[in-house]
**Student:** 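Here it is: the structure, laid out below.
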Amino acid sequence: MNLLKIQETLRQTVVETARKEFNIELETVASEVPPKTELGDAAFPVAFELAKRIKQQTGEKSNPRQIAERLKAALEANESVERVEVAGAGYLNVFFDRAKFLIESQNVEVLPCLSESENRAAPKVCVEHTSVNPNKAAHIGHVRNSVLGDTFVRILRANGKRVEVQNYIDNTGVQVADVVVGFVYLENKTLEEIKNLHARLTAEGKTFDYFCWDLYAKVGQEYQKNETLKARRAEVLHLIEAGGNPTAELADYVATRNVECILATMERFGIRYDLLPRESEILHLHFWKKAFEKMRERGVIKLETTGKSAGCWVMPTDSHTGTEEHEADKILVRSNGTVTYTGKDIAYQMWKLGLLDLDFYYNPFHEYADGKLVWITTAENLQSANIPDFGGSETVYNVIDSRQSYPQEVVKKGVATIFPEKGEAASVHLAYEMVALSPGAAQELGFEISEADKQKPFIEMSGRKGLGVKADDLINRLEANALTEVNNREASRLEKNPGEESLSEHKKIEIAHRIAVGALRYFLLKFTRNTVIVFDFKEALSFEGETGVFCQYSAVRANSIFRKLGEQVSGSGFQVSDLEAISAIFNAEDGDGIWSMVILASRLEEIIANALNAGEPAILAKYTFNLAKAFNLFYYNHKIIGEENQTKRAVLIAVADLARRSLTAALNTLGIEVPERM
RNA sequence: GCUCCCGUAGCUCAGUUGGAUAGAGCGUUCGCCUCCUAAGCGAAAGGUCGCAGGUUCAAUUCCCGCCGGGAGCACCA
């Protein structure tokens, strides 16, 4: 009997009692977490609702407290409940049987869904995230996208969902064209020479995406003063889209090397993908043509014959009202017959949902260290073996910057209009605000800031200007800082305990890496999605206070207790006959403190369900921090190893074990691993 | 002009579908390593929840109107 099940049973009891006693049918029963342990473990403010409903139904005024009293007995009949109190104006505060709960918690998985083997028959959901244009290195804003997406994937899996992770590669867009213009017209390089450059950079320990980062910024500057160069962009873009020519080949080489770099960067953060769908295949396999046919069949688009958009195929929208400057309807096909970005996106979304009747071909792109493959789409059938069943998801989550809210709305509405049977709920835009730079941070990076920008609260990062904190730079800095700390702490540990074994260099690097990832992932996850993160070096590099490192430290301390206790304690559960002795521990003066640790650690499953429903990983991040904080307090207040009362010692061990299991699972769901030592 | 987001402690942010004394971190001040790791723990100080109305037994939360900040509204991607 875990916490969720107890709460569900109690809710049912409330519904049944309301039906029996008051002849009222409650659809939902709200339950709350009381603000303090002394106020119980679950609270139902249902008596207020019932009083209102009784008045509506019979016209009789009733006292919420009296209603609560009548529900009280029914709730107390539950075997997990010790007692129920009616508090305040009519709150029902439920107190669990603490000893019984603790005994049962020992045999309960903190995340039951994860322990089950993946159900291949379960409906699949798709998460698209990262989707960095393959023309430069990823910056911290891209990492916010990837970390949010990856964490959401982990939350879905912890809720028992089958998930497919896609990273869309826009390899035929203007951004790639810009870097190609740079290579060809500024650097005067052929494909062979670019290949040599790549080899040289690799040999020097440098990365191709960093080179492109600078080149892209250089091209952006050149465009401002060189109109001929700007004209080249259109030519190059056209050649890339057409395919089958040397420029397209060169662009493909550049884009693919950048994709490799970005994958390597994200792997450092523990972020992986199943499939890389490319825009080139969406074009070459005529996904749009198929989508267009379906839209015409279903009559959701029309050809404008008059007005500003004459000659364009448009999709009428009602969510937006037109003005003199802007048409209300969304153009999907331009008057020259080419398709817009939104049009392509609708086709891609249709494929994701299994509504297109067309498919890509697939080829393995990259193999992770443990053998897992990332696949990439291809335009030709390369006869690959064991291709997973991609696409055709029940629900699609697109992790995209909130600046894309309008086009995402069009895609969602568009797909829902073509397929009303599928509906809008199948397309979810997980929008998030940008990561911006404070004027100070921008200056710290060595950028000239205009007087106007200095007045602004924050400055938007820009790949085109080369203005941003590169992901690898930041994680390198974090790892270096962490390694310094690890070395210092290791030295003082060995000084105090000369007999202890020292950590190998390899292990120290691994610990520093985990700390760095923990710090950065938590930093990006503690903000809710619709908060603009104004990047601040001091805050991002911090290892103290509300940080991932704090949470990791708490888990490391917990593990350290069990290391000292040795293996003999694991699996030594209580006997049911111990119930009274355990109750005595909880009823003692410091019993509430011990119990609050138990109940908080038991909420993980509920919190993860909340995080999924709200589409908000920050809920889990905040919980994890609070859990770590609670454990640090518990750790300080109760000295487990030195405890002389054997029952109390056993209780404390069980509580600490529950806390560390919950904390570890919470951190892992955030994509943060617990280091061996800290 | 229209749409969306934000405004909570000195700073950065949480605050579930309305609910009990509005929370955390940083910063400031003061305590705590003879005791399972001080990347820690405790305490103090700090609030007209942007302003003004409305709905309700109950509003930081829902509705309306202002004020201030941000983003979007392309035959760009």
Side-chain angles (χ1 to χ4, degrees), chain A residues 28 30 32-36 39 43 45 48 51-52 64 87-91 93 133 170 172-175 177 237 279 308-309 311-314 319-328 330-336 338-342 344-345 401-407 409 431 433-434 436 456-458 460 482 485 489 492-493 496 515 519 526-528 530-534 536 538-539 542-547 549-550 552-554 556-558 560-565 607 610 613-614 616 618-619 621-622 625-626 629 632-633 635-643 656 677-678:
Chain A
T28 54
E32 291 169 14
V33 178
K36 284 188 167 187
L39 292 169
F48 305 110
K52 191 188 273 181
Y91 276 98
N93 289 342
N133 282 314
D170 184 0
T172 58
V174 284
Q175 284 86 355
L237 182 59
E279 182 159 87
K308 230 189 304 197
S309 318
C312 298
W313 285 89
V314 305
S319 66
H320 235 70
T321 45
T323 61
E324 284 182 20
E325 280 175 73
H326 306 291
E327 293 291 335
K330 187 71 193 171
I331 292 168
L332 298 184
V333 180
R334 304 182 187 109
S335 52
N336 67 5
T338 56
V339 56
T340 63
Y341 180 83
T342 307
K344 277 184 273 191
D345 229 16
D401 187 330
S402 63
R403 283 170 290 191
Q404 304 271 358
S405 289
Y406 175 59
E409 185 72 9
E433 280 288 348
M434 64 179 151
K456 288 187 177 176
F458 52 81
E460 198 174 335
E485 271 303 309
R489 283 156 198 270
S492 62
R493 180 174 71 92
K496 275 186 204 161
I515 290 171
K526 72 174 175 179
F527 298 95
T528 53
N530 54 15
T531 299
V532 176
I533 300 179
V534 180
D536 178 73
K538 190 165 168 273
E539 209 187 332
S542 171
F543 292 157
E544 286 166 18
E546 195 196 339
T547 63
V549 181
F550 175 99
Q552 288 172 312
Y553 182 63
S554 180
V556 167
R557 286 171 125 188
S560 148
I561 296 172
F562 287 87
R563 193 173 51 233
K564 295 242 160 139
L565 281 170
I607 295 294
N610 287 351
N613 292 335
E616 186 54 271
I619 292 173
K622 290 285 175 190
F625 171 65
N626 284 324
K629 206 163 53 140
N632 277 338
L633 182 58
Y635 180 93
Y636 183 81
N637 285 339
H638 307 283
K639 301 295 175 208
I640 295 174
I641 292 176
E643 179 58 50
R677 282 173 192 275
M678 281 177 81

**Student:** Quickly work out the E409(A) CD to rC73(B) P distance and round it to whole Å.
**Tutor:** 14 Å
**Student:** Regarding Y553(A), tell me which of base, sugar-phosphate or nothing describes its non-hydrogen contacts under 4.0 Å with the strands shown.
**Tutor:** base
**Student:** Enumerate all atom pairs, one protein N or O and one N or O from nucleotides 25-30 of chain B, separated by less than 3.5 Å.
**Tutor:**
| residue | atom | partner | partner atom | Å |
| --- | --- | --- | --- | --- |
| rG25(B) | O2' | E546(A) | N | 3.3 |

**Student:** Roughly how many Å apart are rA77(B) and rC51(B), using the C1' atom of each and rounding to a whole number?
**Tutor:** 41 Å
**Student:** Using a heavy-atom cut-off of 4.0 Å across all strands, would you classify T528(A) as base, sugar-phosphate, or nothing?
**Tutor:** sugar-phosphate
**Student:** Checking all strands, does A436(A) fall into the base, sugar-phosphate, or nothing category for heavy-atom contacts under 4.0 angstrom?
**Tutor:** nothing
**Student:** Can you check the distance between rC62(B) and rU8(B), where both ends of the measurement are the P atom (answer in whole Å)?
**Tutor:** 16 Å
**Student:** In whole angstrom, give me the gap between the P atoms of rU61(B) and rC6(B).
**Tutor:** 13 Å
**Student:** G173(A) near the nucleic acid: base, sugar-phosphate alone, or nothing, with a heavy-atom cut-off under 4.0 Å?
**Tutor:** sugar-phosphate
**Student:** Step by step, would you call R403(A) with D401(A) a salt bridge (Lys or Arg N to Asp or Glu O under 4.0 Å)?
**Tutor:** CA-CA 5 Å; R403(A) 283 170 290 191; D401(A) 187 330; 2.5 Å; yes
**Student:** Could you spell out the base pairing of RNA chain B in dot-bracket, with Watson-Crick or G-U pairs whose two distances are under 3.5 Å, [ ] crossing and | to another strand?
**Tutor:** (((((((..((((.....[...)))).(((((.......))))).....((.((..]....)).)))))))))....
**Student:** Just by protein heavy atoms under 4.0 Å, how would nucleotides 55-60 of chain B read 5' to 3' in B, S and -?
**Tutor:** ------
**Student:** Measuring only the P atom in each nucleotide, how far is rA38(B) from rA44(B)? A whole number of Å is fine.
**Tutor:** 23 Å
**Student:** Between the base of rC75(B) and the side chain of S335(A), is there a donor-acceptor distance below 3.5 Å?
**Tutor:** yes
**Student:** Please report, rounded to the nearest Å, how far the P atom of rA39(B) is from the CD atom of Q552(A).
**Tutor:** 14 Å
**Student:** Nearest heavy atom decides the nucleotide; on that basis, is V333(A) or V33(A) closer to the 5' end of RNA chain B?
**Tutor:** V33(A)
**Student:** With a 4.0 Å cut-off on N to O distance, would you call K629(A) and E546(A) a salt bridge?
**Tutor:** no
**Student:** Within 90° of 0 counts as syn, otherwise anti: where does rC33(B) fall?
**Tutor:** syn
**Student:** Roughly how far apart, to the nearest Å, are rC64(B) and rC2(B) at atom P?
**Tutor:** 15 Å
**Student:** Please report, rounded to the nearest Å, how far the C1' atom of rU37(B) is from the CZ atom of F543(A).
**Tutor:** 17 Å
**Student:** Tell whether D401(A) reaches the base of rA71(B) with its side chain through a donor-acceptor pair below 3.5 angstrom.
**Tutor:** no
